[in-house]
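Only a predicted model underlies this, so the values are computations on that prediction, with no experimental measurement involved.
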Amino acid sequence: MNTDNGVRRRITLGLTAVALLLPLGAVAAAAPARDTAGVVRENLDVGRVAAARADCGRGSRPETGVQGDVPAADRDSGRSTQGYDCNITRIGGYAGLGTGIVSAAHDHCAYLGSVFPSALLGQSPGVQVVDVADPANPFPTVALTEPAMVAGTWESLKVHDGRKLLVGTGVPALIGAGVLSVYDISDCANPRLLNPGPGTSLQMPLPITAHEGGFSPDGRTYWTSGVEGVLSAVDLADPTTPKVIWQGWIGLSGHGFGISPDGNRLYLSNNFGGLTVLDTSAVQRRDVNPQVPQLSTMSWTDGWATQHSIPVTYDGHPYLFTVNEAGSGGVKLVDVADDANPEVVNSIKLEINLPENVDSQVASGMGGSLFAYESHYCAADRPQNPTALACGWFSSGVRVFDVRDPFDVREIAYYNPPAMTGRSPERANSAHALASLLGVPLLSLPAVIQSVGTGQFDPGEATSRRSGMVAGGDLSTDWCSSPPEWRGDELWVACSDNGFMALRLDPDTYTPPADQQSTIGS
């Protein structure tokens with residue numbers, strides 16, 4: 001990976017222009033600030049360029065179709081059960097009974113998200129703790145079986161490395177309420193429950209709803225968001241007694257989020273596609289009766305079920321990597337230097353996500369359940385001037401991008417694990433297996449509508465031998481929906497069917513920066 005100064009040149013030119021216009025700026029500064037709280041900024045652009053393909057080295061097992069696709073022929077022939085890899089090798093793993101949607105890691109341990117109802121009734125209830133001191137031979141240690149852990153953790157299972165805390169909420173089906181457990185993970189292989197009372201005891205529920213959750217950067221606040229639009233701030237100053245210190249209804253639908261490094265801004269995703277910028281400084285300061293103003297709202301039509309945001313800076317300029325879970329929206333680069341006017345300035349997609357290939361993704365994605373090929377959760381390798389972004393992608397595996405210049409992104413590696421075709425009964429804790437009661441990739445529908453509207457959808461290309469698989473998905477790919485964790489030249493990942501895996505990037509592909517710090521934004 002060669003150093004590219006493209007970002008620095010752009011920012012330097014911008015600063016020069018600002019300097020030349022300072023007299024005008026001084027006059028304009030006297031004007032009152034425009035109230036943008038009720039204004040929705042719309043972005044109707046559709047990303048039509050994919051990240052450049054990775055150059056796969058010796059020993060790779062590259063994809064056989066367009067970038068990111070697992071063709072219908074590969075699924076039907078059994079080729080997808082061998083997996084696909086490019087510049088990445090698998091070191092070891094622990095499959096167990098599969099994993100939930102989001103898992104987490106701390107020190108030499110991984111915590112595998114749970115799925116309801118199997119997490120309550122299955123052979124291995126709750127959240128499984130895996131010791132990865134030897135990445136070639138991970139093994140389970142204990143299971144966490146408090147109510148929040150057996151109710152299904154969805155996208156709430158998160159750690160704060162600095163405070164050595166693990167938190168998860170109970171989310172049985174899309175939304176949950178009341179239960180939240182906090183663990184001391186100083187001994188990462190044997191977490192210790194800290195709050196047996198409020199949040200864990202069913203007689204002492206917390207007034208929260210949850211689908212997603214995450215920490216403020218200082219670890220004092222755990223935020224929860226429900227899909228109905230309620231956002232809650234839970235104080236963890238004393239983790240033995242979590243308490244709600246602010247709550248508000250933000251809009252019709254909420255999802256994941258990212259939080260600025262100072263904790264003063266929260267970027268809340270919208271399931272209809274877009275995000276809301278919130279001023280959380282009063283909560284961060286612990287003001288009495290804090291208020292959380294909405295600074296701006298933006299929406300887009302290229303992608304929906306917007307998942308989460310990763311705040312990063314390039315030469316001090318703030319951006320977000322914002323991930324869309326559906327509609328082939330991929331990952332957007334959002335400029336947030338102006339809270340009132342966030343702007344989409346680039347996107348990262350795979351070829352299978354482009355409008356002209358949506359018909360192909362329908363052809364191969366039938367029988368694969370709700371998702372065809374969608375990004376879900378990403379991790380940057382450091383918050384300042386990140387060099388690489390690793391993303392979990394439904395059915396396309398783990399994708400790794402060179403993002404040193406975020407305006408010129410290229411893929412450098414990928415790992416799409418072997419499909420467990422026909423093995424749903426063995427995957428009791430797999431979110432993919434549970435969702436495979438349905439075979440139709442419904443969450444691709446917005447992308448299909450857009451492709452049809454622009455005349456790029458060919459019904460003939462959208463049909464295959466799999467077209468009749470409207471029920472009973474066959475697990476002919478895996479769902480790598482959890483955020484990868486950067487560990488030097490390794491990535492720790494969790495995929496629904498294959499469970500936990502430790503991967504290693506080829507040394508010619510990626511050099512870890514000295515200040516590597518895996519970051520997902522919350």
Side-chain angles (χ1 to χ4, degrees), residues 90-116 118-119 122 124-132 135 138-146 148-161 165-171 181 183 185 188-189 191 210-215 222 256 307-308 323 325 375-379 390-394 397-398 415 417 427-435 478-487 490-503 518-522:
R90 182 182 183 274
I91 305 170
Y94 170 74
L97 299 177
T99 68
I101 299 170
V102 165
S103 298
H106 172 72
D107 196 10
H108 60 88
C109 299
Y111 308 97
L112 306 187
S114 61
V115 175
F116 184 84
S118 59
S124 302
V127 168
Q128 304 299 303
V129 180
V130 179
D131 189 317
V132 199
F139 63 92
T141 57
V142 297
L144 309 179
T145 56
E146 281 68 39
M149 303 295 107
V150 298
T153 53
W154 214 272
E155 292 156 353
S156 73
L157 195 65
K158 302 290 172 61
V159 301
H160 191 275
D161 289 320
L165 295 178
L166 169 71
V167 175
T169 67
V171 187
S181 287
Y183 300 87
I185 50 176
C188 73
H211 172 95
E212 181 116 11
F215 284 96
Y222 180 85
Q307 177 57 60
H308 78 126
V323 187
E325 185 179 349
S375 51
H376 190 254
Y377 244 97
C378 300
C391 297
W393 222 276
F394 288 106
V398 177
Y415 182 86
R427 308 287 89 203
N429 192 50
S430 164
H432 185 200
L434 180 64
D478 201 346
W479 283 3
C480 295
S481 57
S482 193
E485 172 96 359
W486 290 96
R487 296 295 182 105
E490 296 179 13
L491 284 171
W492 290 8
V493 304
C495 300
S496 288
D497 305 331
N498 279 269
F500 172 82
M501 291 172 285
L503 311 175
S518 193
T519 179
I520 63 173
S522 60

*Asks:* Taking side chain to side chain contact (heavy atoms under 4.5 Å, CB included) as the test, write out the residues that go with Thr141, two or more places apart.
*Replies:*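 Only Val129, Asp131, Phe139, Ala189 meet the side chain to side chain contact (heavy atoms under 4.5 Å, CB included) criterion with Thr141.
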
*Asks:* By side-chain hydrogen bond (donor to acceptor under 3.5 Å, both in side chains), which residues pair with Asn498, not counting sequence neighbours?
*Replies:*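 By the side-chain hydrogen bond (donor to acceptor under 3.5 Å, both in side chains) rule, Asn498 matches Asp478.
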
*Asks:* So, for Cys378 and Pro483, which heavy atoms are closest and what is the spacing to 0.1 Å?
*Replies:*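 Nearest heavy atoms, Cys378 then Pro483: O-CB, 4.2 Å.
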
*Asks:* Can you find a heavy atom in the side chain of Phe215 that is under 4.5 Å from one in the side chain of Ser522?
*Replies:*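 Result no, sub-4.5 Å side-chain heavy-atom pair not found.
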
*Asks:* By the definition side-chain contact (heavy atoms from CB on, under 4.5 Å), identify the one residue from Pro138, Cys188, Cys109 that meets it with Val132.
*Replies:*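 That would be Pro138.
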
*Asks:* side-chain contact (heavy atoms from CB on, under 4.5 Å) between Tyr415 and Val493: does it pass, once the steps are laid out?
*Replies:* CA-CA 10 Å; Tyr415 182 86; Val493 304; 5.8 Å; no

*Asks:* Closest approach of Ala431 and Trp479, non-hydrogen atoms and distance?
*Replies:*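 Closest approach of Ala431 to Trp479: O-CZ3, 4.0 Å.
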
*Asks:* Going by heavy atoms in the side chains, are Ser481 and Phe394 under 4.5 Å from each other?
*Replies:*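 Ser481 reaches Phe394 side chain to side chain.
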
*Asks:* Tell me, please, which residues at least two apart from Ile91 pass side chain to side chain contact (heavy atoms under 4.5 Å, CB included).
*Replies:*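 Ile91 satisfies side chain to side chain contact (heavy atoms under 4.5 Å, CB included) with Pro135, Ala136, Glu490, Ala502, Arg504 only.
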
*Asks:* Tell me every residue that passes side-chain hydrogen bond (donor to acceptor under 3.5 Å, both in side chains) with His376, counting only those two or more places apart in sequence or in another chain.
*Replies:*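 By the side-chain hydrogen bond (donor to acceptor under 3.5 Å, both in side chains) rule, His376 matches Glu155, Gln307.
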
*Asks:* Please name all residues satisfying side-chain hydrogen bond (donor to acceptor under 3.5 Å, both in side chains) with Ser156, sequence neighbours left out, ordered by chain then number.
*Replies:*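 By the side-chain hydrogen bond (donor to acceptor under 3.5 Å, both in side chains) rule, Ser156 matches Thr169.
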
*Asks:* Listed by chain and number, what are the side chain to side chain contact (heavy atoms under 4.5 Å, CB included) partners of Ser181, not counting sequence neighbours?
*Replies:*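 Glu146, Ala148, Met149, Tyr183, Leu193, Asn195, Thr200.
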
*Asks:* Which heavy atom in Gly213 sits nearest to a heavy atom in Tyr222, and how many Å separate them?
*Replies:*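 Minimum heavy-atom contact is CA-OH, 3.3 Å.
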
*Asks:* Sequence neighbours left out, what passes salt bridge (Lys or Arg N to Asp or Glu O under 4.0 Å) with Glu212? Give chain and number order.
*Replies:*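 Scan of Glu212 (salt bridge (Lys or Arg N to Asp or Glu O under 4.0 Å), adjacent residues dropped) gives Lys158.
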
*Asks:* How close do Val127 and Leu112 get, heavy atom to heavy atom, and via which atoms?
*Replies:*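 For Val127 and Leu112, the tightest heavy-atom pair comes out as CG1-O, 3.4 Å.
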
*Asks:* Rounded to the nearest 0.5 Å, how far does CG of Leu166 lie from NE2 of His160?
*Replies:*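 Between His160 NE2 and Leu166 CG, I get 13.0 Å after rounding to 0.5 Å.
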
*Asks:* Looking at residues at least two apart in the chain, or sitting in another chain, which of them share a side chain to side chain contact (heavy atoms under 4.5 Å, CB included) with Phe116?
*Replies:*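 In terms of side chain to side chain contact (heavy atoms under 4.5 Å, CB included), with neighbours along the sequence ignored, Phe116 is linked to Leu120, Pro172.
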
*Asks:* Between side-chain atoms of residues 96-107 and protein atoms elsewhere (two or more places apart, or another chain), which donor-acceptor pairs fall under 3.5 Å?
*Replies:*
{"from": "Thr99", "atom 1": "OG1", "to": "Cys495", "atom 2": "O", "distance (Å)": "3.2"}
{"from": "Ser103", "atom 1": "OG", "to": "Gly113", "atom 2": "N", "distance (Å)": "3.0"}
{"from": "His106", "atom 1": "ND1", "to": "Asp161", "atom 2": "OD1", "distance (Å)": "2.7"}

*Asks:* Which heavy atom in Val115 sits nearest to a heavy atom in Ser430, and how many Å separate them?
*Replies:*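 Nearest heavy atoms, Val115 then Ser430: CG2-C, 4.3 Å.
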
*Asks:* With sequence neighbours excluded, what pairs up with His211 under the ring-ring contact (aromatic ring centres under 6.0 Å, His included) test?
*Replies:*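 Partners of His211 by the ring-ring contact (aromatic ring centres under 6.0 Å, His included) criterion, ordered by chain and then number, come out as Trp154, His255.
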
*Asks:* Is there side-chain contact between Ser518 and Trp492, with heavy atoms separated by less than 4.5 Å?
*Replies:*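 In short, these two side chains do not touch, never coming nearer than 4.5 Å.
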
*Asks:* For Thr153, what residues pass the side-chain hydrogen bond (donor to acceptor under 3.5 Å, both in side chains) criterion, not counting sequence neighbours?
*Replies:*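 Once residues adjacent in sequence are excluded, Thr153 has no partner under the side-chain hydrogen bond (donor to acceptor under 3.5 Å, both in side chains) criterion.
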
*Asks:* Mind checking salt bridge (Lys or Arg N to Asp or Glu O under 4.0 Å) for Arg90 and listing every partner two or more places apart, or none if nothing turns up?
*Replies:*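 With neighbours one apart ignored, the set is empty.
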
*Asks:* What is the minimum heavy-atom distance between Gly126 and Ser114, and which atoms define it?
*Replies:*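 In terms of heavy atoms, the two residues are closest at O-CB, 3.7 Å.
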
*Asks:* Kindly determine whether Val398 and Trp393 satisfy side-chain contact (heavy atoms from CB on, under 4.5 Å), including the steps that lead there.
*Replies:* CA-CA 6 Å; Val398 177; Trp393 222 276; over 6 Å; no

